[in-house]
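Before any comments, here is the structure.
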Amino acid sequence: MADLVSELKFRDPARARALGAALEREVRAVGHAPVRVMHVCGSHEQAIARFGLRAAFPRDLEVIMGPGCPVCITDMPEVDEAVALALDGKRIATYGDMLKVPGTSRSLADAQAEGARVDLVYSVTQAVELAERYPGEEVVFFATGFETTAVATAAAILAGVPANFSVLSAHKYIPPAMEIVAEMPDTRVEGFLAAGHAAAITGWAVFEPFVARHRIPVVVAGFEPLDVLAGLLRLVELVRRGTAEVVNMYPRVVTREGNRPAQEKLWKVFRLLGGRWRGIAHIPNGNLRLADAFAAVDARRRFRVDLSRLWDQAPPALAAKCICGDIMAGLKRPTDCELFGAGCGPDTPVGACMVSSEGSCRIWHTYGGVPDLREVGP
Amino acid sequence: MSSERVALKHGAGGRAMRSLIEEVFLPLGGPVDGVGLSALDDGAALRLGDRWLVVTTDSHVVQPVFFPGGDIGRLAVCGTVNDLAMMGCTEPLGLTCAVVLEEGFPRQELLRVRDSMRQACQEAGVAVITGDTKVMGKGEVDGIVLNTTGVGLAARVVRDDGLRPGDRILVTGPVGDHGFAVLARRRDLRLEGDLRSDVAPLNGLVRLALEVGGEDVVAMKDPTRGGLASVLHEFAHKAQVGILLDGPAVPVNPQTAAAAEILGIDPLLVANEGKAVLGVRPAAADRVLAALRGHPLGRQAAVVATALAERPGQVILDTGLGRRFLAEVEGDPLPRIC
């Protein structure tokens, strides 16, 4: 891999070591331990895990994975809605990660095994193509993800969709979730690392009201290893200085204003509505639902969604022991869960955190959590 | 419920495949004088006087049948020649060839497959000595299935459980080429650059390593399904050593690295068909490396890992930026959403 690493300057080991050493000094200078910061993005956790960065973090720096996995925070009743529509004969199109996420009594994969039609797509465009290919069927796009994927959904709707196409929106909006986590009494988060791709759309100024209200610094960071390390270094520096402000460490992609045309599309098609994020809490303004002008493509308004028949079977007893919510709120670690690796694994997930490749339990299962591997070997 | 039926992951080369083999097929084995089924090595080795009779078998199913750098015919010959070589048998006595064809398979394509088998046989210095042909109805088999069995004699058998702490692990060249070449063709991904399978017979290269390294070559395996990661896990598990893999030292061709980055798939987990992984005593590592690099198929050989007394059974990847456990493949990764 030498060629690739040397060509990509955002993966340069020498710079990473220098950043790691600076981070170590900065954490020590804060004056208390541990220093607790949170990122709110599955892609950040992926980068941290894939490159083994936790082994390079100072021991007194806790980098918590917050509610940043869109699959994980999709609420059970939202999965139930998709399952009910699927069992009613609608063709469901959705992202691959959603297939195995457990609902109250069934996942979409279970519905598929019972004969329902569920298609995996990589983009909303493919879902629209499905509707064109099957004009005699109702195609419902079960839309999940944050601002990034919501914009794509909005753009597709504005571009015009076939009459047999509708959207079941489970899209979420990240900024309000940061508020809730910041307000949780036991979280003790001292700074947030915000996701660069979402901020590319919203602009980094979107975090200014949050910083003003909670007096907690926010650093916008990218997804290469050096992006993450440099973002953390800046964040800990803000913590040490007691400076609550927004700093953009991803200027090659993110601007203050963000992507205006994308924002216009987003807010034309969607409105904010409060709702539950799985396992965490009711998040005021946390859900993106279709605006009234687009009621015609809103699956919730086009169809009667009857969930009650899914509730005749109680959820499995194991589900009650799942602590995904506490993990995403930064209160617990995957290894604190009694189901982790004992009843809950990628093949038989109990909670959504074990399903998605961006879920903290799945990532810890794959990469082994945070064992201290620094001293191993010659 | 999922364990009631065989899934694709049971053939992917990872943990699921191992447990299927152990639960279902292991009871077929019995005591042998040498290396038998219970060793789950690349092949069997039966004592024959002061030498060893090495036997290995492999069925080949690949979609598409023709891919950049090779086809199912070349794959079938090389796969079996390489499995023999990994046991220490670098001069195969002969190959069998059993073919199952789907009704309607184009005769022209069959001739192409035959020709590339002949070409690969010439490169390996081996011939097909017997065979079998079956034709199934349309839809009963997917195009063509090829099975090859190889036999040969070896003066010394090299197992895959011989590592001791301190031993060095070498790979004979860039990893991931075969898997990405086939994947790109299968999904019709139009990626820039020349993604080509590395499929090649390794017996000549391995002979050279064994001549130079002798008894100091203590473990060998070819990183096919499951890639380099799977081999390292088997080495670590069978010898009960830890393994520390130096990620930046692992050779990867730039076009393969680019495809891996775009697809989000780790080249360490992807199949090779023309590479070997060798465990070597530390004193012989440089000597064996130099010998490998002197052969056309080993020009980019590298020392990539070290066996440890600590953390037996575990494989740790040093990425150059940090460290983590190296995971094994678990079926086909689901597409990510954002």
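Here the structure is a predicted model, which is why all the values come from computation and not from measurement. No hydrogens, no waters, no symmetry mates; every other heavy atom, side chains included, goes into these values. Convention: sequence-line order gives letters A, B, ...; per-chain numbering from 1.
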- Item | Y250(A)/H197(A) aromatic ring centres below 6.0 Å |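 Distance test on ring centres: not under 6.0 Å, no.
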- Item | Check: F223(A) ring centre within less than 6.0 Å of F51(A) ring centre |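 Aromatic pair excluded; centres sit 6.0 Å or further apart.
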- Item | I316(B), part contacting chain A, at a heavy-atom distance under 4.5 Å |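 Side chain only.
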Residue selection (most heavy-atom pairs with chain A, distance under 4.5 Å) from [options]:
| options | value |
| --- | --- |
| L308(B), T306(B), D318(B) | L308(B) |
| G322(B), A307(B), P174(B) | G322(B) |
| V175(B), T256(B), L321(B) | L321(B) |

Structural part of [X] lying under 4.5 Å from a heavy atom of chain B:
| X | result |
| --- | --- |
| A49(A) | backbone |
| R17(A) | side chain |
| E147(A) | neither |

- Answer with yes or no whether the side chains of Q255(B) and D194(B) bring together a donor and an acceptor at under 3.5 Å.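 No, no side-chain donor-acceptor contact under 3.5 Å.
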- Query: Quick check: does any side chain N or O of H233(B) sit under 3.5 Å from a backbone N or O of L326(B), one acting as donor and the other as acceptor?
  - Reply: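 Side chain of H233(B) to backbone of L326(B), a donor-acceptor pair under 3.5 Å: yes, one is there.
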- Would you mind listing every salt bridge (charged side-chain N to carboxylate O under 4.0 Å, His left out) that reaches into residues 164-180 of chain B, with sequence neighbours excluded?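 Non-adjacent pairs meeting salt bridge (charged side-chain N to carboxylate O under 4.0 Å, His left out): D167(B)-R281(B).
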- Does D222(B) have any salt bridge (charged side-chain N to carboxylate O under 4.0 Å, His left out) partners at least two apart in sequence or in another chain, and if so, which?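 In terms of salt bridge (charged side-chain N to carboxylate O under 4.0 Å, His left out), with neighbours along the sequence ignored, D222(B) is linked to no residue.
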